Amino acid sequence: MFLSLRAEVEDALEGALSTLDFPTDDLGIEEPPEDVASVLASSVAFRLADEAGAPPPQVAGRIADEIDADELTYVAEVQAQGPYLNFLPSDAYLAETLDEATDETYGRLPDRDTSVVVEHTSANPTGPVHVGRARNPIIGDAVANLVDFAGYDVDRHYYVNDAGRQMAVFTWAYETFDEEDLDEPPERDRIEYDLVRYYRKGNAYLENAPEDEVEAAEAEIESIMQGLEAGDDEAYERVSEVVDQVLGGMTECLARLPAEFDEFVKETRFMRSGATDDLVDRLKELDESIYEEDAWQLELEDHGIDKNLVFLRSDGTSLYATRDLAHHEWKFDEYDRAVTVLGEDHKLQAKQVRTTLELLGNETDQLRQVLYSYVNLPEGKMSTRRGTGVDLDDLLDEAIDRAREEVEDRLDDRIRDDELDDDDIERIAHQVGIGAVRYDIVSKQPTKAITFEWERALDFEAQSAPYVQYVHARCCGILEEAGIDPETGMDDVETAVDAELLETEAERDLLETIARFPAVVDEAADDLQPHQIATYTREFANRFNGFYRECPVLADDVDPEVREARLALVAASKHAVANALSILGVAAPRSM
RNA sequence: GGGCGCGUAGCUCAGUCCGGAAAGAGCGUCGGACUUCUAAUCCGACGGUCGUGGGUUCAAAUCCCAUCGUGCCCGCCA
């Protein structure tokens with residue numbers, strides 16, 4: 001609805017400016033500050049002051065006079081306030097918003113008939129997911145949800161690095177050592193916690209064992225890598241035994257967030273299919289290709305990249321980057337667009353990949369990269385190989401535990417009786433605990449550095465998930481009290497209500513905020529920035545709480561018609577906040 | 001040394017791409033509001049030369065230049 005209003009304002013303003021013989025290239029349309037009653041404004045009068053030979057307020061006045069608001073549907077009035085033009089919303093605007101928003105899918109944009117693959121997480125299958133990389137699945141999942149909600153057909157991919165040296169090391173260690181060689185029991189009863197011990201053991205061995213033993217081990221590792229390169233089934237199966245098990249465990253951990261995938265794409269796939277070999281041949285043909293120090297590389301200096309991209313080692317094996325190029329060409333074949341969420345340490349590599357894909361004749365506009373910076377510990381980086389770091393499972397467990405304590409404490413303090421049973425408490429603890437962890441991460445710009453601290457990560461105070469979740473619970477509470485089941489009975493809400501009955505400022509503010517939701521989705525999806533949705537949920541919650549304070553819905557002294565209108569407003573609010581939370585991947589509790 | 005991020009209240013952050021209305025939240029501090037549709041809420045107060053210095057503009061947190069601090073990267077690793 002906001003988008004229609006905006007289009008209408010643009011048209012009207014453009015018309016008025018051309019009638020007055022002013023240029024129309026920049027309409028200066030902007031969103032006014034909060035304390036101004038309009039929904040859209042324009043500062044165009046500043047720019048026109050010179051040309052008009054009059055001060056901005058006078059110019060604004062002339063433009064306002066030129067627009068006949070009676071001819072506009074969504075604009076009730078155009079006011080010149082000083083140098084600014086303000087467009088006030090009409091009742092029709094609010095009525096249509098209310099009508100649209102009482103639909104469950106409110107905010108979802110029309111299908112664009114465009115497929116998008118969102119690749120995220122793609123952590124090496126070496127062990128438990130740690131918090132250092134937890135931003136990736138959380139941001140990645142939210143980006144995928146966002147793009148999906150914005151009307152694209154989305155597939156979620158996890159690109160599995162199963163051909164790198166570390167997987168050969170892991171395979172060798174898994175085959176070489178036995179349970180009794182390991183120092184510690186698994187930290188948790190799940191397969192990746194068990195197997196990571198072999199990986200750590202293998203790495204420690206390679207660092208500390210006598211030289212001749214290390215050499216023998218290296219020979220074995222090398223033979224695994226050569227086997228993979230040759231597309232050898234036996235090597236592939238040996239590595240897969242480790243990869244599939246570890247990945248299975250990691251998938252369970254990620255599912256707790258929840259972050260789920262449509263497909264796990266292994267990089268060995270592109271070695272076995274011959275795609276990597278073909279790609280190497282094509283790379284060799286490029287003008288930028290050179291053969292130096294026995295290795296094939298690409299000189300990208302002319303394209304603003306100082307570092308050469310080696311694509312074939314002197315021993316004839318490919319590199320991660322080579323396979324990733326083949327992987328990207330495959331994605332371009334299968335999808336209209338590709339989005340990759342990756343850590344900022346891959347930035348240079350991402351640039352090389354993009355440039356090289358372009359040199360190979362690909363349309364790289366369809367590739368977008370979302371970069372985030374890692375979460376570090378106060379004492380430094382987290383590492384699976386060294387076993388330093390906080391496991392994501394532990395963080396989630398702790399968050400749930402603290403949320404449970406919180407629920408129980410609050411239950412004791414409650415003035416009202418809430419009929420929360422043990423299942424409710426457990427459900428709320430999960431929704432709030434995990435929601436808080438996700439929200440904390442997804443609500444910030446991904447490029448900001450984060451240092452992990454328990455207290456901060458587990459802060460449930462306002463401006464975090466529970467604040468927004470509570471608004472949803474309040475909506476559900478009102479609906480239930482009115483005899484409507486928020487999960488199944490939302491169709492029972494009377495939607496053909498008179499929006500003019502919503503006459504208080506709090507009601508209109510809330511409705512205007514609801515009206516902006518689809519526009520927020522549109523812009524956030526364009527920018528691939530889910531944190532814009534989080535910012536919106538905060539504003540929304542703020543507005544809703546204002547309404548909740550000022551406007552009783554079910555009280556006895558509320559006029560029945562006003563009651564219906566307010567109930568519709570609550571239903572609309574419920575949909576807006578539930579959908580916004582679902583984009584963020586944060587649960588929307590029915591009670592808390 | 002070079003490339004790319006980040007720097008806004010004591011703390012954690014929106015706002016910066018696309019310049020406009022005396023800079024917005026939350027936490028913390030202080031003071032208020034539960035016989036009311038759930039107080040994980042709300043209301044009020046205190047708190048800022050938007051890292052620093054220049055420039056462009058009618059207008060700069062936002063654009064340009066310089067500078068300082070900080071993070072990441074600069075492997076025939078992934």
Side-chain angles (χ1 to χ4, degrees), chain A residues 26 28 30 32-36 41-44 46-47 49-50 55-56 81-84 86 122-124 126 161 163-167 267 292-297 304-308 310-315 317 319-321 324 343-349 351 371 373-374 376 403 406-407 409-410 413-418 420 428 432 440 443-445 447-451 456 459-467 469-471 473-482 527 529 531-532 534-535 538-539 541-542 545-546 548-555 558 566-567 570 591-592:
Chain A
D26 184 353
E30 59 198 59
E34 249 183 67
D35 51 347
V36 174
S42 168
S43 59
V44 72
F46 281 113
R47 231 154 294 128
D50 253 358
Q81 284 171 15
Y84 295 95
N86 280 311
S122 302
N124 295 333
T126 50
N161 306 155
R165 184 187 141 82
Q166 86 277 32
M167 289 322 301
E267 58 175 334
E292 218 173 76
E293 293 174 36
D294 298 332
W296 281 95
Q297 27 197 309
I305 301 171
D306 288 339
K307 197 193 135 207
N308 282 5
V310 177
F311 61 88
L312 203 62
R313 292 190 181 95
S314 45
D315 67 1
T317 56
L319 290 91
Y320 173 84
D324 199 28
E344 63 172 347
D345 54 339
H346 291 251
K347 222 185 284 186
L348 177 60
Q349 162 129 13
K351 201 170 160 190
L371 297 156
S373 63
Y374 284 139
N376 289 328
E406 199 78 17
V407 182
D409 282 357
R410 287 173 199 272
D413 299 343
R414 281 276 164 99
I415 281 167
R416 278 192 42 142
D417 231 0
D418 274 283
L420 292 182
I428 295 166
V432 168
D440 183 54
S443 61
K444 292 169 186 165
Q445 290 185 65
T447 45
K448 298 227 184 199
I450 295 183
T451 301
R456 195 165 286 156
D459 185 2
F460 296 156
E461 291 306 321
Q463 214 168 49
S464 73
Y467 175 69
Q469 290 175 312
Y470 189 60
V471 164
R474 274 182 157 175
C475 290
C476 291
I478 294 172
L479 291 163
E480 262 178 276
E481 193 72 25
D527 298 343
Q529 292 185 340
H531 83 269
Q532 290 182 19
T535 302
R538 271 198 294 270
E539 273 176 46
N542 197 11
N545 286 325
Y548 187 88
R549 185 182 68 246
E550 306 285 340
C551 306
V553 180
L554 306 173
V558 177
R566 286 184 179 169
L567 209 50
V570 172
S591 63
M592 58 187 280

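Naming convention: chains lettered A, B, ... in sequence-line order (proteins, then strands); numbering from 1 in each chain. Quantities reported herein were computed from a predicted structural model and do not represent experimental measurements.
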task: Report the residues that fulfil side-chain contact (heavy atoms from CB on, under 4.5 Å) with A:Asp50, sequence neighbours left out, ordered by chain and then residue number.
output: none

- request: Could I get the full list of side-chain contact (heavy atoms from CB on, under 4.5 Å) partners for A:Asp345, not counting sequence neighbours?
  value: A:Tyr374

message: For a quick check of understanding: with a heavy-atom distance under 4.0 Å over all strands, which category does A:Leu567 fall into, base, sugar-phosphate or nothing?
response: nothing

field: By side chain to side chain donor-acceptor pair (under 3.5 Å) - contacts of A:Glu406 (at least two apart)
entry: A:Arg410

message: Over all strands shown, is A:Tyr548 touching base, sugar-phosphate only, or nothing at heavy-atom distances under 4.0 angstrom?
response: base

Contact list (N/O, under 3.5 angstrom) for nucleotides 21-25 of chain B vs protein:
unit_1, atom_1, unit_2, atom_2, d
B:A21, O4', A:Tyr84, OH, 3.0
B:A21, N6, A:Asn86, OD1, 2.8
B:A21, N1, A:Asn86, OD1, 3.4
B:A21, N1, A:Asn86, ND2, 3.1
B:A25, O2', A:Gln463, NE2, 3.0
B:A25, N3, A:Gln463, OE1, 3.1
B:A25, N3, A:Gln463, NE2, 3.1

Qualifying residues under side chain to side chain donor-acceptor pair (under 3.5 Å), relative to A:Glu539, sequence neighbours excluded: A:Arg516

Nearest-nucleotide 5' precedence on RNA chain B, A:Ser443 against A:Lys351: A:Lys351

query: If you look at every strand shown and take non-hydrogen atoms under 4.0 Å, does A:Ser591 touch a base, only sugar-phosphate, or nothing?
result: base

- prompt: CG of A:Asn545 versus C1' of B:U38: gap in Å, rounded?
  reply: 12 Å

message: Does A:Cys551 reach a base, just sugar-phosphate, or nothing at all? Heavy atoms under 4.0 Å.
response: base

query: Looking across every strand, which nucleic acid part, if any, lies under 4.0 Å from A:Val570 by heavy atom: base, sugar-phosphate, or nothing?
result: nothing

message: So, using side chain to side chain donor-acceptor pair (under 3.5 Å) as the criterion, who are the partners of A:Asn376 when residues are at least two apart?
response: none

Residue list, side-chain contact (heavy atoms from CB on, under 4.5 Å) with A:Ser443, at least two apart or on another chain: A:Tyr439, A:Ala534, A:Arg538

message: My understanding is that only residues two or more places apart in sequence, or in another chain, count here; which of them pass side chain to side chain donor-acceptor pair (under 3.5 Å) with A:Glu30?
response: A:Ser43

task: Output all residues satisfying side-chain contact (heavy atoms from CB on, under 4.5 Å) with A:Ile305, sequence neighbours left out; order by chain, then residue number.
output: A:Leu300, A:Leu348, A:Lys351, A:Gln352, A:Thr355

task: Could you classify B:C27 for me, syn or anti, using a glycosidic angle within 90° of 0 as syn?
output: anti

- request: Report the nucleotide, chosen from B:C42, B:A40, B:A14, that has the shortest atom-to-atom distance to any side-chain atom of A:Met592.
  value: B:A40

What N/O pairs connect the protein and nucleotides 15-19 of chain B at under 3.5 Å? Give each pair on its own line.
unit_1, atom_1, unit_2, atom_2, d
B:G15, OP1, A:His531, NE2, 2.9
B:G15, OP2, A:Gln445, NE2, 3.2

- prompt: In what stems does RNA chain B take part, counting only runs of at least 3 consecutive Watson-Crick or G-U pairs whose two distances fall under 3.5 Å?
  reply: B:1-7 with B:68-74, B:10-13 with B:24-27, B:29-33 with B:41-45, B:51-55 with B:63-67

task: For A:Val471, report the nucleic acid contact type (base, sugar-phosphate, nothing); a contact means any heavy atom under 4.0 Å.
output: nothing

- request: Using a 4.0 Å heavy-atom cut-off, write out nucleotides 71-78 of chain B from 5' to 3' as B (base contacted by protein), S (sugar-phosphate only) or - (no contact).
  value: SSSSSBSB

- prompt: Considering all heavy atoms of both residues, which atom of A:Ser314 and which atom of A:Glu293 are nearest to each other, and what is their separation?
  reply: CB-O, 4.4 Å

- request: Could you check how far CZ of A:Arg549 sits from P of B:A39, rounded to whole Å?
  value: 13 Å

